[in-house]
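Beneath this line is the structure, given in structure tokens, with notes to follow.
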Amino acid sequence: MAAISSSPSSHPRLRRLSAGWSISPETHPIFPLLRLCRISGELEQIHAFAVKTGLFHALPVSSRILTLYCDPELGSLGFARSVFDQIPQPNSFAWNSLLKRLVDEKRSHDAILLFQQMLTVSSVLPDNYNVPCAVKACAHIHAFEEGKQLHGLTVKTRLGDDSFVRSSLLSFYSKCSHLELAKKVFDHVCDKDLATRNSLIDGYVKSGNIEAARKMFEEMPKWDLFSWNLMITGYSIRGELEVAWEFFERMPEKNVVSWNAMIGGFTKNGDFGSARRLFDEMPYKNMVTWNTLITGYQKLGFYEEALKVFDEIFTKGFTPNTITLVSSLSAISEIALVERGRSVHMYIRKNGLSLEGILGTCIIEMYSKCGEIDSAFSTFKEIRRKKLGHWSAMIMGFGMHGMAKEAIDLFIKMKERGLKPDYITFTGLLNGFSKAGMVDDGLQNFELMSKEYGIEPTVEHYTYMVDLLSRVGHLEEAKKLVYHMPMRPKKMIWMSLLSCCRRYGEIELGDLAAKSLVEFDPDSTAAYLLLYNLYAAAGLWGKVLNPRDPIMERRARKKTESNSIEFNGSVHGFVISDHSRFKTGETNVKLEMRVRLNSAGFVQAYSRN
DNA sequence: TTAGGGTTAG
């Protein structure tokens with residue numbers, strides 16, 4: 001209540017009001033005053049006045065005050081919540097306002113909990129205002145079971161006749177990828193309004209059925225902005241940018257979402273020139289605009305470009321949000337720019353942003369990938385309420401640094417805290433076993449994962465298992481695993497196998513791995529280098545020099561590939577070389593990258609400050 | 001005129 005410190009008599013309108021009005025909530029002039037309230041300072045003064053005069057005890061007054069605090073322009077969520085807690089028996093307006101604010105701020109779990117709390121501790125019933133909010137929260141986090149229960153509730157209470165309730169359910173099923181259920185809800189709606197139709201279009205768009213989306217769009221009696229924006233998104237997802245552009249140009253009115261959707265279409269399809277042109281031309285930008293550009297660059301591997309845009313945000317007077325920081329940290333991790341990562345960490349700390357969410361996970365991951373496992377661990381220890389993501393990121397960090405013992409210890413502690421590991425946790429753990437060459441533990445946990453936790457191994461899990469088996473020379477078992485895995489092996493699997501074949505002189509299997517590697521990437525320099533080393537190590541110079549060998553032939557037209565790493569304030573670049581030795585020079589970089597680079601025949605080629 | 005559903009960034 002620190003904000004309610006000013007005297008109620010300081011406000012001219014309040015001075016008049018406090019002069020002896022009897023407290024009759026329905027007719028009291030505080031109501032027109034509340035309606036006129038536009039800025040937080042005014043609201044705080046009216047609030048203070050209501051508390052001091054006892055008017056706040058009247059539910060119509062307190063609920064109106066709360067509703068105003070729930071407006072993001074007038075109050076923070078924390079403050080709204082504390083005002084809510086001051087109301088002994090909140091009415092439906094109070095519950096619904098707070099619920100809406102939670103949903104708008106994407107606090108979906110809290111919103112669902114609040115709705116449940118409302119049903120159990122208050123006499124407020126589910127209605128056509130709060131049910132759509134609760135359904136929206138379920139849609140956001142894909143809480144399918146909870147959403148279905150709400151659907152059941154609407155059937156029992158006949159709330160399903162309401163168009164808001166219906167469209168929220170329709171959108172929920174669309175977002176949970178149950179389009180058949182969405183269509184079922186849609187077919188039962190008598191008055192199909194714009195939002196209802198748009199929800200279904202969204203479902204079609206997200207499931208890639210652009211034809212159905214277009215049919216629906218064309219059959220609509222009228223469009224508004226949402227419909228057009230959905231079509232732009234739909235064609236962008238399909239990579240049909242010309243059609244997306246047609247919609248963008250044809251629409252009678254554009255808003256920031258239209259521009260963002262079109263920019264997103266360009267970035268997703270790698271046309272950064274058009275994306276940037278549109279970005280520079282648009283009349284108004286929001287944080288989604290900036291994030292669209294940053295994530296676009298980051299996802300396609302243009303990390304430095306992503307970080308340039310990140311810097312630009314500050315010069316243009318915008319404030320990065322969680323998504324901006326997540327994407328930028330991801331770019332920083334990929335190119336291991338630890339000093340940049342540290343400055344983002346400082347920014348987070350300085351601005352009081354919590355590490356208890358995804359940002360904590362990103363910082364741990366960033367330090368781990370940049371080789372600073374100690375900083376990663378001290379960040380991890382700093383986080384008070386650790387979530388599964390933090391544990392998994394730290395296990396992954398230890399894993400990639402070959403610190404299998406630390407990874408296992410953490411895994412055990414995590415389970416002791418009652419947390420259930422997920423597929424990411426096991427990815428980190430198996431990576432640790434593979435780096436440390438711990439076959440028995442690796443195999444045991446690989447089995448435990450599906451048997452005890454019901455987690456089906458992904459291609460990453462298989463990759464680390466193949467890597468582990470190959471490293472210790474169990475090449476036949478590794479080969480068997482590759483042939484028995486239910487999905488197509490990825491490039492890394494063949495790389496591991498091939499590099500270990502060199503070490504153990506397994507020419508035949510190495511040949512096979514190299515050919516499979518080339519199938520993925522016909523210009524794979526790594527395949528050539530690994531195979532070259534394999535033949536050379538076995539003294540098979542005839543094969544090395546055979547110009548008709550399709551793999552060896554690539555030597556002549558191989559491209560120069562480069563990578564970089566920041567260490568001690570300098571950026572160190574690496575290019576692929578014919579030499580298989582990895583000369584680290586002065587730098588003693590503790591990174592798994594070093595191991596990978598080594599096996600792929602990289603050498604340090606240049607350094608710049 | 002105290003409260004609600006559908007679009008863009010992870």
Side-chain angles (χ1 to χ4, degrees), chain A residues 31-32 34-37 59-71 90-101 103-104 106 124 126-136 139 159 162-172 174-175 182 185-186 189 192-203 205-206 223-234 236-237 251 254-265 267-268 282 285-296 298-299 309 320-330 357-359 361-362:
Chain A
F31 294 113
L34 281 165
R35 273 199 290 276
L36 288 170
C37 181
L59 196 51
V61 174
S62 55
S63 68
R64 276 171 169 84
I65 288 176
L66 173 72
T67 301
L68 287 169
Y69 274 122
C70 285
D71 179 339
N91 59 10
S92 67
F93 288 105
W95 286 98
N96 296 358
S97 303
L98 187 61
L99 184 65
K100 163 85 161 78
R101 178 71 188 265
V103 174
D104 283 348
K106 306 284 190 297
V124 174
D127 61 21
N128 52 336
Y129 286 92
N130 54 39
V131 168
C133 277
V135 173
K136 192 180 176 183
L159 280 168
D162 182 88
S163 66
F164 282 77
V165 173
R166 276 265 169 86
S167 64
S168 70
L169 284 168
L170 204 162
S171 173
F172 161 76
S174 287
K175 287 195 167 58
V185 175
F186 182 82
V189 181
K192 296 178 172 65
D193 65 5
L194 264 176
T196 312
R197 290 170 198 268
N198 286 338
S199 298
L200 196 60
I201 291 187
D202 182 43
V205 159
K206 300 286 157 60
W223 306 297
D224 69 359
L225 269 169
F226 281 73
S227 323
W228 290 95
N229 291 343
L230 279 163
M231 295 311 289
I232 295 172
T233 308
S236 294
I237 290 172
M251 62 196 297
K254 297 174 185 57
N255 65 359
V256 68
V257 178
S258 328
W259 291 83
N260 291 346
M262 199 61 234
I263 291 172
T267 58
K268 277 189 196 86
M282 65 194 291
K285 294 176 184 60
N286 61 12
M287 273 323 292
V288 178
T289 322
W290 289 96
N291 293 343
T292 305
L293 211 54
I294 293 179
T295 56
Q298 182 251 320
K299 280 191 167 173
V309 181
N321 63 17
T322 304
I323 296 170
T324 325
L325 297 167
V326 167
S327 304
S328 306
L329 281 167
S330 180
I358 188 156
L359 285 178
T361 309
C362 292

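Per chain, numbering begins at 1; letters A, B, ... match sequence-line order.
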Problem set entry | Residue list, side chain to side chain contact (heavy atoms under 4.5 Å, CB included) with T196(A), at least two apart or on another chain | S167(A), L170(A), F186(A), V189(A), D193(A)
Exercise. Expressed as a whole number of Å, how far does the C1' atom of dT7(B) sit from that of dA3(B)?
Worked result: 22 Å
For this session: Could you check whether K254(A) gets within reach of a base, just the sugar-phosphate, or nothing at all, counting any heavy atom under 4.0 Å?
Result: nothing
For this session: Describe the nucleic acid contact of K206(A) in one word from base, sugar-phosphate, nothing, applying a heavy-atom distance below 4.0 Å.
Result: sugar-phosphate
For this session: Determine the contact category for S63(A): base if any of its heavy atoms lies under 4.0 Å from a base atom, sugar-phosphate if only primed atoms, P, OP1 or OP2 are that close, otherwise nothing.
Result: base
Problem set entry | Heavy-atom donor-acceptor pair, S328(A) side chain to L325(A) backbone, under 3.5 Å | no
For this session: Give one of base, sugar-phosphate or nothing for K299(A), where a contact means two heavy atoms less than 4.0 Å apart.
Result: sugar-phosphate
Exercise. Heavy atoms under 4.0 Å, any strand shown: does N130(A) hit a base, just sugar-phosphate, or nothing?
Worked result: nothing
For this session: Have a look at L230(A) and say if it touches a base, only the backbone sugar-phosphate, or nothing, with a 4.0 Å heavy-atom cut-off.
Result: sugar-phosphate
For this session: Tell me, please, the opening and closing nucleotides of DNA chain B, 5' to 3', among those with an atom under 4.0 angstrom from a non-hydrogen atom of chain A.
Result: dT1(B) to dG10(B)
Problem set entry | Pairing residues for K192(A) by the salt bridge (Lys or Arg N to Asp or Glu O under 4.0 Å) criterion, not counting sequence neighbours | none
Exercise. For K285(A), which contact category applies under a 4.0 Å heavy-atom criterion: base, sugar-phosphate, or nothing?
Worked result: nothing
Exercise. Partners of W290(A) by ring pair (Phe, Tyr, Trp, His ring centres under 6.0 Å), sequence neighbours excluded?
Worked result: F279(A), F318(A)
Exercise. With rounding to whole Å, what would you report as the distance between dT1(B) and dG5(B) at their P atoms?
Worked result: 15 Å
For this session: Remember a base hit wins even if backbone is also touched, and classify L194(A) as base, sugar-phosphate or nothing at under 4.0 Å, heavy atoms.
Result: base
For this session: Indicate, with a heavy-atom threshold strictly under 4.0 Å, whether T196(A) touches base, sugar-phosphate, or nothing.
Result: base
Exercise. Excluding sequence neighbours, so at least two apart, what forms side chain to side chain contact (heavy atoms under 4.5 Å, CB included) with K254(A)?
Worked result: F248(A), M251(A), S258(A), W259(A)
Exercise. Is D202(A) touching bases, backbone alone, or none of the nucleic acid, heavy atoms closer than 4.0 Å?
Worked result: sugar-phosphate
Seminar exercise, completed: Residue pair K106(A)/V165(A) against DNA chain B: nearer the 5' end by closest nucleotide is V165(A)
Exercise. Under 4.0 angstrom, heavy atoms only, what part of the nucleic acid is S227(A) near: base, sugar-phosphate, or nothing?
Worked result: nothing
For this session: Could you tell me which residues satisfy side chain to side chain contact (heavy atoms under 4.5 Å, CB included) with D162(A), sequence neighbours excluded, listed by chain and number?
Result: N128(A), F164(A), V165(A)
For this session: Look at the side chain of N130(A) and the backbone N and O of D127(A), then say whether any donor-acceptor pair between them is shorter than 3.5 Å.
Result: yes
Exercise. How would you label the contact of S330(A) with the nucleic acid (heavy atoms, under 4.0 Å): base, sugar-phosphate, or nothing?
Worked result: nothing
